[in-house]
Amino acid sequence: MGAEDDRPRGLTEADAQSYDVRRRLLLSFDAFDTAHHRLWLRYAHTQVGSREAAQSVVEDACRHLLEHWEHALRQESLPGYAWTVLKEHVAKWLAEHRHRPRLAETAAFHAAFRKALLFELRDEFAVLEGEMGLYAAIARLPERQYDAVVLRYVLGCTEEEVADYLGFETATVRSHIRYAKRKLARELRTPPGPGTGNG
C-alpha cells in the first residue's frame with residue numbers, strides 16, 4: 001500500500017502533491033518529536049517544577065515547531081533550533097507564572113545530581129556545606145555552561161548528544177563543562193579537580 005492509497009479521493013494533481021508534501025512533513029516531525037520528546041519533558045520539568053506544567057510547555061513548543069517545521073528543517077542544526085524553541089517556551093511559562101527556574105526543587109534533579117554529578121566530581125565537591133549552595137551556583141552559570149551541565153549531568157546526555165542539542169562541536173561542549181566546573185569550584189571554594197584543567 002503506497003502513500004497514494006492514503007490520499008483522500010477526488011484530489012486534483014496539485015492538491016494530491018500538496019497533500020503528499022504535508023504528509024511527509026508531518027511524518028518527519030513525528031519522528032523527530034518521538035526521538036526528543038522525553039528529554040524535552042524532563043528538561044521542562046527541571047525548570048517549571050511539575051510534570052503537568054512541563055507537559056503543557058512541551059506541547060506548546062511542539063505546536064510551535066510543527067507550525068514552523070519547514071523553517072526548522074532549513075536550520076543548520078535542527079536539534080539546536082528545537083532546543084532554542086523549547087527554552088523560549090520554558091522562559092515564557094516562567095515569566096507568565098512569575099517563577100524562577102525550579103532546578104533545585106525538582107526531585108529529578110536531586111536524584112540525577114547525586115547519581116551522576118556528585119559521583120563523577122566527588123573530588124571537587126566532596127566537602128559541600130549543603131546541596132542548595134551548589135544548585136544556586138549552577139543556576140548562576142552562563143547560559144551555555146548551564147545548558148551543558150543540565151543536559152550532561154541532570155538529563156544524562158552524552159557529550160555528543162549535548163553538542164547536537166546545543167549546535168556545538170563536542171570539544172566546545174567539553175570546554176563549557178570544564179569552565180563550568182572551574183566556576184563552581186571557585187564559587188564553592190573547593191579545590192579544582194579532574195576535568196577542570198587545573199587539577
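The closest side-chain donor-acceptor pair between Ser28 and Trp69 falls under 3.5 angstrom.
By the 4.0 Å N-to-carboxylate-O rule, Lys183 lies close enough to Glu187 to be salt-bridged with it.
If you take CG on Asp60 and CH2 on Trp93, they are separated by 11.5 Å, rounding to the nearest 0.5 Å. Note that CG of Asp164 is 10.5 Å distant from CG of Leu151, once rounded to the nearest 0.5 Å. Of the inter-residue distances, the one linking Asp147 atom CG with Tyr43 atom OH reads 5.0 Å to the nearest 0.5 angstrom. Interatomic distance, Arg178 CZ to Arg182 CZ, rounded to the nearest 0.5 Å: 6.0 Å. Of the inter-residue distances, the one linking His36 atom NE2 with Leu41 atom CG reads 13.5 Å to the nearest 0.5 angstrom. Annotation: the span from Glu159 atom CD to Thr172 atom OG1 amounts to 11.5 Å, rounded to 0.5 Å.
Residues His71 and Tyr81 are in side-chain contact: their nearest non-hydrogen atoms beyond the backbone lie under 4.5 Å apart.
The two residues Ser77 and Gly167 make their nearest non-hydrogen contact at OG-CA, 3.9 Å. Gln47 and Val90 get closest at one heavy-atom pair: CB-CG1, 3.6 Å. Shown here for Leu86 and Val58, the closest heavy-atom pair between the two residues is CD1-CG2, 4.1 Å. Annotation for Cys62 and Trp40: closest pair SG-CZ3, 3.6 Å, computed over non-hydrogen atoms. Nearest heavy-atom pair across Ala148 and Val162 is CA-CG1, 4.0 Å. Closest heavy-atom contact between Val48 and Ala54: CG2-N, 3.5 Å.
For the pair Arg152 (side chain) and Cys157 (backbone), a donor-acceptor distance under 3.5 Å is present. Ser175 places no side-chain N or O within donor-acceptor distance of the main-chain N or O of Ala171, the cut-off being under 3.5 Å. Side chain of Ser56 to backbone of Glu52: no donor-acceptor contact under 3.5 angstrom is found.
Screening Leu26, Leu25, Leu27 for a side chain to side chain contact (heavy atoms under 4.5 Å, CB included) with Arg23, the sole residue that qualifies is Leu27.
Counting only residues at least two apart or in different chains, salt bridge (charged side-chain N to carboxylate O under 4.0 Å, His left out) contacts with residues 64-79 are absent.
Under the 30°/60° scheme for interplanar angles, the aromatic rings of His176 and Phe168 are found to be tilted.
Annotation: Glu169, atom CD; neighbour count of heavy atoms from other residues, nucleotides and ligands within 6.0 Å does not exceed 12.
Every residue two or more places apart in sequence or in another chain that forms a salt bridge (charged side-chain N to carboxylate O under 4.0 Å, His left out) with Glu143 is listed here: Lys87.
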